[in-house]
Novice: 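Starting off with a structure, shown below.
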Amino acid sequence: RLHHGDGGVVGAPGRLAEALVGLMRAALYDRFGGPDVLRIGEASEPRGAVVEVVAAALNPKDVLMRKGKFSFFVRGAFPRSCGYDFAGTLAGRDVFGMVNGMLGRTCAERVAVEPDEHFDKPAALDFAEAASLTLAGQTALQALRDDGGLRRRDEPCLLGVREAVEADERELERRRV
């Protein structure tokens, strides 16, 4: 089952998807709109390096895509899937990451990933925490390490940072990830 943030169930999968070979369950939408356009349906199994998704996170990008705000970037037919952030297992390793591009696909049982789209999950984080850190967390980490020159034992002073990124920066620093 997939759940809204308010605890409401989006939909429940049927047994048909489990019986069909080459299909998996995924969150899909058949038209642009609000959360009410989401449904659980069957999607083709991904090919390549496949992560068994344990947790997936939604971000403002997902909402904007589902509402059709970036439809000019993505041509093609419905149904479409959602989600860019994920955590799960790949070849026996716990991983987390974010798929690149404009087509979300991580709100599914499995997702194909490229080598630069996943990283080993820190042991200090559970799957849900790792998935929730990906987009905002990568922004925070990039700002701290790449732009700010932060090293492992440094103590940053955070001023004027957006709430989600600032919260992730504080959590990364607290856990010394």
Side-chain angles (χ1 to χ4, degrees), residues 1-5 10 23-29 38 40 43-66 70 73-74 80-177:
R1 292 175 182 242
L2 293 183
H3 298 271
H4 284 285
V10 174
L23 295 177
M24 65 175 179
R25 292 175 295 179
L28 303 170
Y29 56 100
L38 290 170
I40 303 299
S44 298
E45 285 282 348
R47 300 184 190 279
V50 175
V51 172
E52 293 285 332
V53 177
V54 175
L58 296 174
N59 291 290
K61 180 180 181 180
D62 297 287
V63 174
L64 294 171
M65 292 299 292
R66 189 195 66 237
F70 295 120
F73 282 120
V74 182
R80 294 183 179 170
S81 189
C82 56
Y84 296 87
D85 301 346
F86 65 91
T89 59
L90 172 65
R93 293 178 22 243
D94 292 344
V95 297
F96 77 115
M98 180 179 71
V99 295
N100 295 317
M102 297 304 286
L103 291 175
R105 60 185 188 273
T106 64
C107 289
E109 293 177 305
R110 287 168 286 287
V111 63
V113 296
E114 297 296 326
D116 64 346
E117 294 177 333
H118 64 87
F119 310 92
D120 288 335
K121 181 183 75 62
L125 302 177
D126 66 27
F127 286 101
E129 291 169 326
S132 70
L133 278 176
T134 310
L135 182 60
Q138 286 179 0
T139 302
L141 191 58
Q142 181 179 1
L144 287 169
R145 287 186 182 165
D146 301 349
D147 298 333
L150 187 74
R151 291 171 294 187
R152 183 169 289 277
R153 300 286 178 223
D154 290 347
E155 295 184 23
C157 175
L158 306 174
L159 301 171
V161 181
R162 292 195 54 157
E163 293 82 12
V165 174
E166 182 178 29
D168 287 343
E169 286 178 328
R170 287 184 179 152
E171 186 64 17
L172 288 167
E173 175 59 22
R174 185 180 74 77
R175 292 179 187 239
R176 302 275 187 207
V177 174

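The residues of the chain are indexed from 1 along the displayed sequence. As the structure is a computational prediction, the values presented were derived from the model and not from experiment.
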Novice: Under the salt bridge (Lys or Arg N to Asp or Glu O under 4.0 Å) rule, collect the residues that match up with R47, sequence neighbours excluded.
Specialist: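 Counting only residues at least two positions away or on another chain, R47 forms no salt bridge (Lys or Arg N to Asp or Glu O under 4.0 Å).
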
Novice: Are any non-hydrogen side-chain atoms of F86 and H118 less than 4.5 angstrom apart?
Specialist: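 When only atoms from C-beta onward are counted, H118 and F86 do touch, with a gap below 4.5 Å.
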
Novice: First locate atom CE of M98, then atom OG1 of T106, and finally report the distance between them rounded to the nearest 0.5 Å.
Specialist: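 So the CE of M98 and the OG1 of T106 are separated by 10.5 Å.
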
Novice: Supply the atom-to-atom distance F73 CZ to M102 CE, rounded to the nearest 0.5 angstrom.
Specialist: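 Going from CZ on F73 over to CE on M102, the span is 5.0 Å.
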
Novice: Quick one: side chain to side chain contact (heavy atoms under 4.5 Å, CB included) partners of D116, sequence neighbours excluded?
Specialist: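 So D116 forms a side chain to side chain contact (heavy atoms under 4.5 Å, CB included) with N100, E114.
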
Novice: Decide yes or no for E129 and P122: does some side-chain heavy atom of the first lie under 4.5 Å from some side-chain heavy atom of the second?
Specialist: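 Not in contact.
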
Novice: Check L90 against A49 and note the closest heavy-atom contact, atom names and distance.
Specialist: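 In terms of heavy atoms, the two residues are closest at CD1-C, 4.1 Å.
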
Novice: Would you say V50 and E45 make side-chain contact, with heavy atoms under 4.5 Å?
Specialist: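 When only atoms from C-beta onward are counted, E45 and V50 do not touch, as no gap falls below 4.5 Å.
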
Novice: According to the side-chain hydrogen bond (donor to acceptor under 3.5 Å, both in side chains) rule, which pairs have a member within residues 84-96, sequence neighbours left out?
Specialist: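 Every pair satisfying side-chain hydrogen bond (donor to acceptor under 3.5 Å, both in side chains) with a residue in residues 84-96: N59-D85, R93-D120.
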
Novice: How far does SG of C107 sit from CG of L58, to the nearest 0.5 angstrom?
Specialist: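 Output value for this atom pair is 4.5 Å.
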
Novice: Applying side chain to side chain contact (heavy atoms under 4.5 Å, CB included), name anything that partners L64, two or more places apart in sequence or on another chain.
Specialist: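 L64 satisfies side chain to side chain contact (heavy atoms under 4.5 Å, CB included) with K69, F70 only.
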
Novice: Run through V99, V51, V95 and flag the one making a side-chain contact (heavy atoms from CB on, under 4.5 Å) with E117.
Specialist: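 Exactly one pass, corresponding to V99.
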
Novice: Which residues satisfy the salt bridge (Lys or Arg N to Asp or Glu O under 4.0 Å) test with R80, sequence neighbours excluded?
Specialist: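 If we apply the salt bridge (Lys or Arg N to Asp or Glu O under 4.0 Å) test to R80, skipping adjacent residues, there are no hits.
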
Novice: I'd like to know if the side chain of E109 and the backbone of R25 have a donor-acceptor N/O pair within less than 3.5 Å.
Specialist: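 Side chain of E109 to backbone of R25, a donor-acceptor pair under 3.5 Å: yes, one is there.
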
Novice: Excluding sequence neighbours, so at least two apart, what forms side chain to side chain contact (heavy atoms under 4.5 Å, CB included) with A87?
Specialist: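 By the side chain to side chain contact (heavy atoms under 4.5 Å, CB included) rule, A87 matches F96, F127, A130, A131.
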
Novice: For the residue pair G83 and D62, what are the closest heavy atoms and their distance?
Specialist: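 Nearest heavy atoms, G83 then D62: N-OD1, 2.9 Å.
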
Novice: Does any N or O in the side chain of R105 come within less than 3.5 Å of the main-chain N or O of A112, such that one atom is a donor and the other an acceptor?
Specialist: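 Flag set: sc R105 to bb A112 pair under 3.5 Å.
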
